[in-house]
Structures are given as structure tokens and as C-alpha cells.
Amino acid sequence: MPELPEVETIKNTLKRFVLDKTIDTIDIQWPNIIKEPNDTEHFKTLLQGQTIRELSRKGKFLMFYFDDVVLVSHLRMEGKYSVYDSSEPIKKHTHVTFRFTNGEELRYNDVRKFGTMHVYPRGKEFLNKPLNQLGPEPFDEAFSLDYFYQKLKKTDRYIKSTLLDQTIVTGLGNIYVDETLFRAGVHPLKRASKLSKKEVKAIREQAINTLEEAVRAGGTTIRSYVNGQGDMGMFQQELYVYGQENKACKNCSNTITKMKIGGRGTHICTSCQKL
DNA sequence: GGAGTTGTTGTACC
DNA sequence: GGGTACAACAACTC
């Protein structure tokens, strides 16, 4: 499940395979991936002849900057990008193929078909959905303690659900929310508005620390994540609670439990995280 | 074979 | 209308 650290790693590893490559033709096997423009022929027209100049990331979104347009791509649960020689056979779950003028192909594979692609003129990408709804990056100055505290004060939702809300802070998904709350010692069922400033400070700092460490480890591979050159992440070895149910807490030896909050699997140590 | 799994959006409800 | 909750999307694993 690519969250911020995985997308950051994909961006960095995919770069050397795609920068300065020019798109010749595009095949679309599953049109539902393409959200903007809603006509796939128009999508192809906008990208054909364009050269990839830079890769970028905002939250969990990967962005390809071309000469005149930007491709904004979300991988959702299982989306992957890889570069192949065009002679290699297409896989079962390849849904979009960008054929470069040099005979190589950037292929988008997605078992679940949940990923999305939006194309906008350069400069318009942040004015339109999906990027225009996103809150600050965890590493941005805009994600200050004061900003975060004021935002959390305004909502009665569980802190677990609130941290998954990308309009508050962008980049955290289910894995890193559980890890952040464990490290901060905060129970996921606490109401966001009821948290003390000390708790909010701990959550903010642990979110930043956790994501930084995960970026350094090249992301977390639970089932299928690999980066832009096919390597797994290493951060799964550092997880305290996610996927650790029935195991001993690394901090206190209490048994890690799993519950459901807002429809999402949630992992906690009830000894380290009290309500 | 039904439940669980995931992120975001659209929609329904108060 | 804002805040919130949840179905829907899709397919594979257990």
C-alpha cells in the first residue's frame, strides 16, 4: 500500500528510467484508471510527443512533469510502475502502457484497478482535484504544531480516522497512522478535539519521525510493494503494531491487539496506548 | 465461499 | 451547508 514513504521511494528509483524519455504512443487496457480528461483519446493526445522532465510527489500522489502537462497518478493499494523493453510480454494486470520513442515502455500495473490518473496543463495541477484538496506535507513548515492543534480541535472524530484524512495532513495511510499513534502513546479511539497539546505534539513529532525513518528504509513491503526498480522496502522490520497482532509489544511485552475503527483495521498495544 | 483488505470520492444523513 | 459516516470501486488472499 503505497503511502508517502513508498511513493517517495518510487519517485526516486523510477527517475533514472524515465527522465528525458519521450512518449510515442499509449495503450489503455482499463479506461477507468483515466479520470481526467475523461476521454481516453484526449488523454493520449495530451501526452503524445511529450518528454518527461521531472518526477515529483505530493502526499501519496506521484507526478510526472512533461513539457506542457502534468500526469498526476495515485497508486491506491497495489499500483506499480516499471520500465520494460517493448519486446517483453504484457502482464495480466498491465492497464496503461506508455511507449517511448526509444523502444522502451513505462507500464502501469495494478491488480486491483483502483489507481487513478489525471492530466492537467502545467501550473493547473494544484488548482484541480485531486491535489487541490490536500493538506500540508508532514515535512512542510505549514504542518506546524499550532496548525495541527487548531485543526484537531475542530473535529469530534476519532484521532485514527482524522489522521487518515488527507486534508489535515497528507501522506499517512493505515500503516503509518497505527505506527504513529503507538509511538506517541495515544489510543486511536481518542477524540481528536479532546487531545491535550502534549499529545498533539507527540503525534506530530512521531508522524514526522516515522515517515522519515520509513523513507530511509525505502518504504514498507507488506504484500506486494516494490519500488521503481523492483526492490522491496525494509521498514516492515521496524513496525511496532501494524500486522503484529497476537505478538508481544516490543516496548512492554503486552500482546498487540487488532480492532476495527471507522471500517479500518487498527493495531494497538492497550498497555502503551490507554484510553 | 464469504469475509477481510486498502484510499478516495460521491452521496446520504443529521 | 458543514460535519460525519459509509457504500462503492476491484480482485485477490485466507
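Since the model is a prediction, treat every value here as computed from it, not as a measurement. Chain letters run A, B, ... following the sequence lines, proteins first, then strands; residues in each count from 1.
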Side-chain N or O of [X] closer than 4.0 Å to phosphate OP1/OP2 of [N]:
X      : N     : answer
A:Y242 : B:dT5 : no
A:K154 : C:dG3 : no
A:K260 : B:dT5 : yes
A:H74  : B:dG7 : no

When we call it a touch if two heavy atoms are under 4.0 Å apart, what does [X] touch: a base, just sugar-phosphate, or nothing?
X      : value
A:T155 : sugar-phosphate
A:R112 : base
A:Y176 : nothing
A:N32  : sugar-phosphate
A:K35  : nothing
A:Q166 : sugar-phosphate

For this session: Decide whether a cation-pi geometry holds between A:R204 and A:F148; the criteria are a distance under 6.0 Å from NZ or CZ to the six-membered ring centre and an angle within 45° of the ring axis.
Result: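 No, cation not above the ring by the 6.0 Å, 45° rule.
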Could you please name the option among [options] that lies closest to any side-chain atom of [X]?
X      : options                : result
A:H93  : C:dC12, B:dG10, C:dA10 : C:dC12
A:K258 : B:dT5, B:dG7, C:dA11   : B:dT5
A:K60  : B:dT9, B:dT6, B:dT8    : B:dT8

To the nearest Å, give me how far apart [atom1] ([X]) and [atom2] ([N]) are.
X      : N      : atom1 : atom2 : result
A:K91  : C:dC12 : NZ    : C1'   : 17 Å
A:N246 : C:dC14 : CG    : P     : 16 Å
A:F114 : C:dA8  : CZ    : P     : 12 Å
A:L189 : C:dA5  : CG    : P     : 12 Å

Exercise. Would you say the base of C:dG3 and the side-chain of A:R157 have a donor-acceptor pair closer than 3.5 Å?
Worked result: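 Looking at the base of C:dG3, it does not pair with any donor or acceptor on the side chain of A:R157 (distance under 3.5 Å).
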For this session: Determine whether any donor atom in the side chain of A:R76 lies under 3.5 Å from an acceptor atom in the base of B:dT5, or the reverse, and answer yes or no.
Result: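 Absent.
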For this session: Measure from the side-chain N and O atoms of A:E6 to the backbone N and O of A:T220, and report whether any donor-acceptor pair falls under 3.5 Å.
Result: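 Yes, because the side chain of A:E6 sits within donor-acceptor range (under 3.5 Å) of the backbone of A:T220.
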Exercise. Just by distance, do the side chain of A:E137 and the backbone of A:K58 share a donor-acceptor pair under 3.5 Å?
Worked result: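 Flag not set: sc A:E137 to bb A:K58 has no pair under 3.5 Å.
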Problem set entry | Passing candidate, side-chain hydrogen bond (donor to acceptor under 3.5 Å, both in side chains) with A:Y65, options A:Q50, A:E125, A:E54, A:R122 |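 The option that passes is A:E125.
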Problem set entry | Centroid-centroid distance, A:F98 to A:F64, less than 6.0 Å |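 Here the rings of A:F64 and A:F98 have centres that are no less than 6.0 Å from each other.
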